[in-house]
Amino acid sequence: EEDLLNDVCREVVERWSDSQVVDAKEEKEDEVQAIASMMEKQARIVVKPKEVSQEEKQRKAALLAQYANVTDEEEYPFPTQGSGLCGTTAPAPALFRNTNVEDVLNARKLERELLRDEFQKKKEQDKLQREKDKLAKQERKEKEKKRTQKGERKR
């Protein structure tokens, strides 16, 4: 009976291990299938190129030309040496005016004016304060003088 029991146990273990191998193979096949289906879906996705109208192309070319050239000659200290499109010396027509430099200069100018005004106000206040201090000092001297005169009279 022990031999029979050992044979039964061995058979149970063998069948169990066989079923494990089959399950593992099925899981691997499922994973491979899932990966393959994902790759197929990604392959189907095609990015459509954006259609750009002729007007947008011209606008973009004009902007690039404007940035390629120095447009505001009076604002920039360095001279332009015929740096137009395709070797031309005529500047490209500007779609808008670059006001960055003007804005910065105006902001600095405004800041200087504000500082100048503050300094002037402070200067006037200091002058008034000095005059007040001078008058107060003079009044104290006069009071002291009067007090000393009263004291001398009493003696």
Side-chain angles (χ1 to χ4, degrees), residues 16-155:
W16 180 81
S17 63
D18 289 343
S19 69
Q20 291 297 320
V21 170
V22 170
D23 288 344
K25 286 181 183 177
E26 288 176 3
E27 287 178 11
K28 285 183 182 179
E29 288 176 4
D30 289 343
E31 288 177 6
V32 170
Q33 185 64 30
I35 291 172
S37 65
M38 284 183 3
M39 290 175 67
E40 287 175 5
K41 287 178 185 176
Q42 287 179 347
R44 283 187 221 139
I45 297 172
V46 177
V47 177
K48 295 179 183 178
K50 182 181 176 184
E51 294 181 19
V52 181
S53 68
Q54 188 65 25
E55 182 182 324
E56 289 176 349
K57 287 179 184 178
Q58 288 175 348
R59 190 178 313 135
K60 184 176 179 180
L63 278 174
L64 289 174
Q66 184 176 0
Y67 281 111
N69 297 328
V70 178
T71 57
D72 300 328
E73 291 83 12
E74 60 276 347
E75 291 181 353
Y76 295 94
F78 48 90
T80 58
Q81 299 174 351
S83 58
L85 273 178
C86 302
T88 62
T89 57
L95 296 177
F96 61 90
R97 187 165 176 238
N98 187 355
T99 60
N100 292 340
V101 175
E102 284 181 18
D103 292 343
V104 170
L105 290 175
N106 288 338
R108 287 183 183 168
K109 187 176 181 181
L110 182 63
E111 186 178 348
R112 282 194 304 267
E113 288 176 3
L114 289 174
L115 289 174
R116 189 179 304 123
D117 290 345
E118 287 179 15
F119 177 74
Q120 197 66 26
K121 286 178 184 177
K122 186 178 183 317
K123 192 175 177 182
E124 290 174 8
Q125 287 177 349
D126 289 347
K127 187 175 179 181
L128 290 174
Q129 188 63 39
R130 281 194 302 269
E131 288 178 10
K132 286 180 183 179
D133 291 346
K134 193 175 184 180
L135 288 174
K137 186 177 180 182
Q138 192 175 10
E139 286 177 10
R140 273 188 265 124
K141 280 185 180 180
E142 289 177 8
K143 284 182 181 180
E144 181 67 30
K145 192 175 184 181
K146 286 180 184 178
R147 202 175 333 130
T148 55
Q149 285 177 354
K150 283 183 182 179
E152 288 178 7
R153 285 186 205 154
K154 287 182 181 179
R155 290 188 202 166

Could you tell me whether Arg108 and Glu111 make a salt bridge, using a distance below 4.0 angstrom between a side-chain N and a carboxylate O?
->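 Salt bridge between Arg108 and Glu111, a charged N being under 4.0 Å from a carboxylate O: no.
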Salt-bridged, Lys60 to Glu56, with N to O below 4.0 Å?
->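 No.
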Any chance you could measure [X], atom [atom1], to [Y], atom [atom2], to the nearest 0.5 Å?
X	Y	atom1	atom2	value
Leu110	Leu105	CG	CG	12.5 Å
Lys122	Leu115	NZ	CG	13.5 Å
Arg116	Lys123	CZ	NZ	12.5 Å

Under the salt bridge (Lys or Arg N to Asp or Glu O under 4.0 Å) rule, what do Lys127 and Glu131 come out as? Steps first, then yes or no, please.
-> CA-CA 6 Å; Lys127 187 175 179 181; Glu131 288 178 10; 5.1 Å; no
State whether the number of non-hydrogen atoms from other residues, nucleotides or ligands found under 6.0 Å of Glu113 atom CD is greater than 12.
->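 Yes.
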Within 6.0 angstrom of Glu144 CD, more than 12 heavy atoms from elsewhere =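 Yes, CD of Glu144 has more than 12 neighbouring heavy atoms, counting only those of other groups under 6.0 Å.
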Option passing side chain to side chain contact (heavy atoms under 4.5 Å, CB included) with Lys141 (candidates Lys143, Glu139, Lys137, Gln138) |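 Among Lys143, Glu139, Lys137, Gln138, the one meeting side chain to side chain contact (heavy atoms under 4.5 Å, CB included) with Lys141 is Lys137.
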Does some side-chain heavy atom of Arg147 sit less than 4.5 Å from a side-chain heavy atom of Lys150?
->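 With C-beta onward as the side chain, the pair stays apart.
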Intermediate values then yes/no, salt bridge (Lys or Arg N to Asp or Glu O under 4.0 Å), Lys121 and Asp117 = CA-CA 6 Å; Lys121 286 178 184 177; Asp117 290 345; over 6 Å; no
